[in-house]
Amino acid sequence: MTVASPPLLRGDGASAQNRRSTRLATPLGDMLVAVSDDGVLGAYFDGQAHQPDAAWFGARVEQRDDALLDAVGQQLTAWFAGERTDFDLPLAALGTPFQRSVWELLLQIPPGETTTYGELSASLSPDGVATPGQAQGVGQAVGHNPISVIVPCHRVVGSDGSLVGFAGGLDRKRWLLAHEESETTRESRLF
């Protein structure tokens, strides 16, 4: 299946000119954020699976010395503080056309809501029906999302609503989902 490049992910990130990074403190541990002239390339929690090697992140710079890294830091800080629900950042994730299409779908999941791997898979099919094995491919793409939190892969759950798979760890996924949960939903829980 050929999938067009997602419109919200600028460029293909292939050149990644002027790659640089900084470390940001979050309530869930430090994140290493990488950007290029095209946009945000990655945001990885310490210890997160599928993290590139150190050289991939480029030159380390101070957040305040780089306009894009500063914008990422400010928006993540505001999001973790509950002061914003979305992000307004240029994204330039490196990935295959299929991965980028899945990541585009992740950007469409509203804060406080979840979807399943199967639902994402079905939405990629012209007839709205997932093909055999496609949900696993979607799962692989979700698991390799390079821009944690900003591209909300934590909003994808198992077909029965269970917390499954999160490269940053299930404890972080649980925290992120609870953080986005509405007051009404929180009050309706039995535990």
Side-chain angles (χ1 to χ4, degrees), residues 5-97 99-112 141-156 165-181:
S5 180
L8 295 179
L9 296 170
R10 294 175 20 170
D12 63 4
S15 62
Q17 295 294 312
N18 193 22
R19 197 176 294 192
R20 61 235 183 246
S21 63
T22 198
R23 185 166 290 284
L24 303 173
T26 80
L28 299 176
D30 284 357
M31 288 186 93
L32 188 54
V33 176
V35 300
S36 73
D37 291 346
D38 293 328
V40 181
L41 297 169
Y44 295 90
F45 286 109
D46 279 349
Q48 182 170 327
H50 314 300
Q51 193 169 139
D53 64 28
W56 181 88
F57 289 92
R60 288 285 176 92
V61 298
E62 292 295 321
Q63 174 186 332
R64 67 181 175 276
D65 295 338
D66 184 278
L68 182 52
L69 286 171
D70 194 46
V72 174
Q74 288 182 26
Q75 289 188 32
L76 278 169
T77 298
W79 185 89
F80 276 109
E83 298 167 0
R84 69 178 307 137
T85 59
D86 60 359
F87 297 91
D88 181 24
L89 298 163
L91 305 178
L94 301 169
T96 67
Q99 287 174 320
R100 292 166 52 79
S101 293
V102 171
W103 300 336
E104 174 70 22
L105 291 174
L106 297 177
L107 290 167
Q108 297 173 28
I109 306 168
V142 171
H144 284 81
N145 167 31
I147 309 177
S148 291
V149 179
I150 297 166
V151 177
C153 55
H154 60 276
R155 296 179 187 154
V156 183
F166 183 62
L170 290 181
D171 287 340
R172 285 185 177 129
K173 183 172 187 165
R174 188 174 293 107
W175 189 98
L176 293 167
L177 290 172
H179 178 69
E180 291 183 325
E181 195 172 58

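These numbers come from the heavy atoms of this one structure, side chains and all, not from hydrogens, waters or symmetry mates. For reference, positions follow the sequence shown, starting with 1.
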NZ/NE/NH1/NH2 to OD/OE distance under 4.0 Å, R20 and D37: yes
For L176 and L28, what are the C-alpha separation, side-chain angles and deciding distance, and is it a side-chain contact (heavy atoms from CB on, under 4.5 Å)? CA-CA 9 Å; L176 293 167; L28 299 176; 3.7 Å; yes
Report yes if some heavy atom in the side chain of F87 is under 4.5 Å from a heavy atom in the side chain of V40; otherwise report no. no
Would you give the length of the straight line joining atom CZ of F45 to atom CG of D30, rounded to the nearest 0.5 angstrom? 10.0 Å
Given T85 and E180, is the side-chain contact (heavy atoms from CB on, under 4.5 Å) satisfied, shown in steps? CA-CA 8 Å; T85 59; E180 291 183 325; over 6 Å; no
If you compare all heavy atoms of P52 against all heavy atoms of F57, which two are closest, and at what distance to 0.1 Å? O-CE1, 3.5 Å
Between Q75 and V72 (side chain of the first, backbone of the second, donor and acceptor by atom type, cut-off under 3.5 Å), is there such a pair? no
Nearest 0.5 Å, what's the CG-CZ distance between L69 and R23? 13.0 Å
Looking only at non-hydrogen atoms, find the nearest pair between N145 and C153 and report the distance. ND2-SG, 3.2 Å
Side chains of H154 and W175: closer than 4.5 Å at any heavy-atom pair? no
With a 4.5 Å cut-off on side-chain heavy atoms, are K173 and L177 touching? yes
Are the side chain of W103 and the backbone N or O of P152 linked by a donor-acceptor pair below 3.5 Å? no
Atom CZ in R155, atom CG in L107: separation rounded to 0.5 Å? 9.0 Å
CA sep, side-chain torsions, deciding dist, call: V33, L24, side-chain contact (heavy atoms from CB on, under 4.5 Å): CA-CA 7 Å; V33 176; L24 303 173; 3.5 Å; yes
Heavy atoms only: give me the nearest G95-Q99 pair and the separation to one decimal. CA-OE1, 3.2 Å
So, do I109 and V156 sit near enough that their side-chain heavy atoms are less than 4.5 Å apart? yes
Could you grab the distance from atom CG of D88 to atom CD1 of I150, nearest 0.5 Å is fine? 11.5 Å
So do Y44 and P146 actually touch side chain to side chain, heavy atoms under 4.5 Å? yes
Where do G58 and S21 come nearest, in terms of heavy atoms and distance? O-OG, 4.0 Å
Please check this pair: side chain of D53 against backbone of W56, looking for a donor-acceptor N/O pair closer than 3.5 Å. yes
Verify, without hydrogens or angle tests, whether S36 (side chain) and R19 (backbone) share a donor-acceptor contact under 3.5 angstrom. no
Rounded to the nearest 0.5 Å, what's the gap from OG1 on T22 to CE on M31? Could you check? 12.5 Å
Non-hydrogen side-chain atoms of W79 and H179 separated by less than 4.5 Å: yes
dist L68:CG -> L89:CG (nearest 0.5 Å) comes out at 6.5 Å
